[in-house]
Amino acid sequence: MNQVRRLCRLRLSPNGRFAEMNVGAVMRQITGELDSLRIIHDPLDAEEEFDADPSHAEIIGLPPGDSDHALLVGDLIAECVIAMHLTLPAHND
């Protein structure tokens, strides 16, 4: 988790969480509802204040906005969460 935190390019808050999911499980869960969903390996190059992130992946093909279909797909993806992790380490990490 420390590597994920270190390479993350988002602003992390003390109350935030990372959701851990299995890519294969997400794809199996969504396939019947949304055949356009793809999870692609998308390594990020080093930039100014950021190190390279060879593990980065991207979810593409999601329904746009806050439509009913988007909410359904979001719920299906949420069912695939296997663990939640603090975005910032606890003081004893």
* Determine, step by step, whether H69 and E33 satisfy the side-chain hydrogen bond (donor to acceptor under 3.5 Å, both in side chains) criterion, reporting the C-alpha distance in whole Å, the side-chain angles of both residues, the deciding distance to 0.1 Å, and the verdict. => CA-CA 9 Å; H69 197 218; E33 185 60 40; 3.0 Å; yes

* To do: Apply the test side chain to side chain contact (heavy atoms under 4.5 Å, CB included) to residues L37 and V26: give CA-CA distance (whole Å), side-chain angles for both, the deciding distance (0.1 Å), then the verdict.
  => CA-CA 10 Å; L37 184 86; V26 172; 4.3 Å; yes

* Given side chain to side chain contact (heavy atoms under 4.5 Å, CB included), test E20 with H85 step by step and report yes or no. => CA-CA 8 Å; E20 181 180 342; H85 302 277; 2.6 Å; yes

* To do: Please step through side chain to side chain contact (heavy atoms under 4.5 Å, CB included) for the pair R9 and E47, ending with a clear verdict.
  => CA-CA 10 Å; R9 297 183 184 195; E47 294 180 3; 3.7 Å; yes

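In this structure, A70 and G65 approach most closely via the heavy-atom pair CB-O, 3.3 Å. Taking each heavy atom of A25 and C80 in turn, the nearest pair found is O-SG, 3.7 Å. P63 and L34 make their closest contact through CD-CD2, 3.7 Å (heavy atoms, listed as atom of the first residue, atom of the second, distance). In terms of heavy-atom proximity, F50 sits nearest to C8 at CE2-O, 4.4 Å. Nearest heavy atoms, L86 versus F18: O-CD1, 3.9 Å. Of all heavy-atom pairs between M21 and V81, the closest is CG-CA, 3.8 Å.
In this structure, a donor-acceptor pair under 3.5 Å is present between the side chains of D53 and S55.
Cluster membership for V4 and L44, using ILVMFWY side-chain heavy atoms within less than 4.5 angstrom, is not shared. With hydrophobic clusters built from ILVMFWY side chains whose heavy atoms lie under 4.5 angstrom apart, M27 shares a cluster with I30. By the rule that hydrophobic residues join a cluster once side-chain heavy atoms approach within less than 4.5 Å of another member, L62 and L72 end up as members of one cluster. Linking ILVMFWY side-chain heavy atoms closer than 4.5 Å, directly or via other members, places L7 and V23 in two distinct hydrophobic clusters.
In the displayed structure, R6 atom CZ is contacted under 6.0 Å by more than 12 heavy atoms of other residues, nucleotides or ligands. Annotation for E48: atom CD does not count as buried by contact number, only 12 or fewer foreign heavy atoms lying within 6.0 Å. Within 6.0 Å of atom CG in D66, 12 or fewer heavy atoms from other residues, nucleotides or ligands are found, so the atom counts as exposed in its surroundings.
A donor-acceptor pair under 3.5 Å is formed between the side chain of H56 and the backbone N or O of D42. Judged purely by atom type and a 3.5 angstrom limit, R5 uses its side chain to pair as donor or acceptor with the backbone of T87.
Here S36 contributes atom OG and I60 contributes atom CD1; the two are 9.0 Å apart, rounded to the nearest 0.5 Å. To the nearest 0.5 angstrom, I39 atom CD1 is 5.0 Å from I59 atom CD1.
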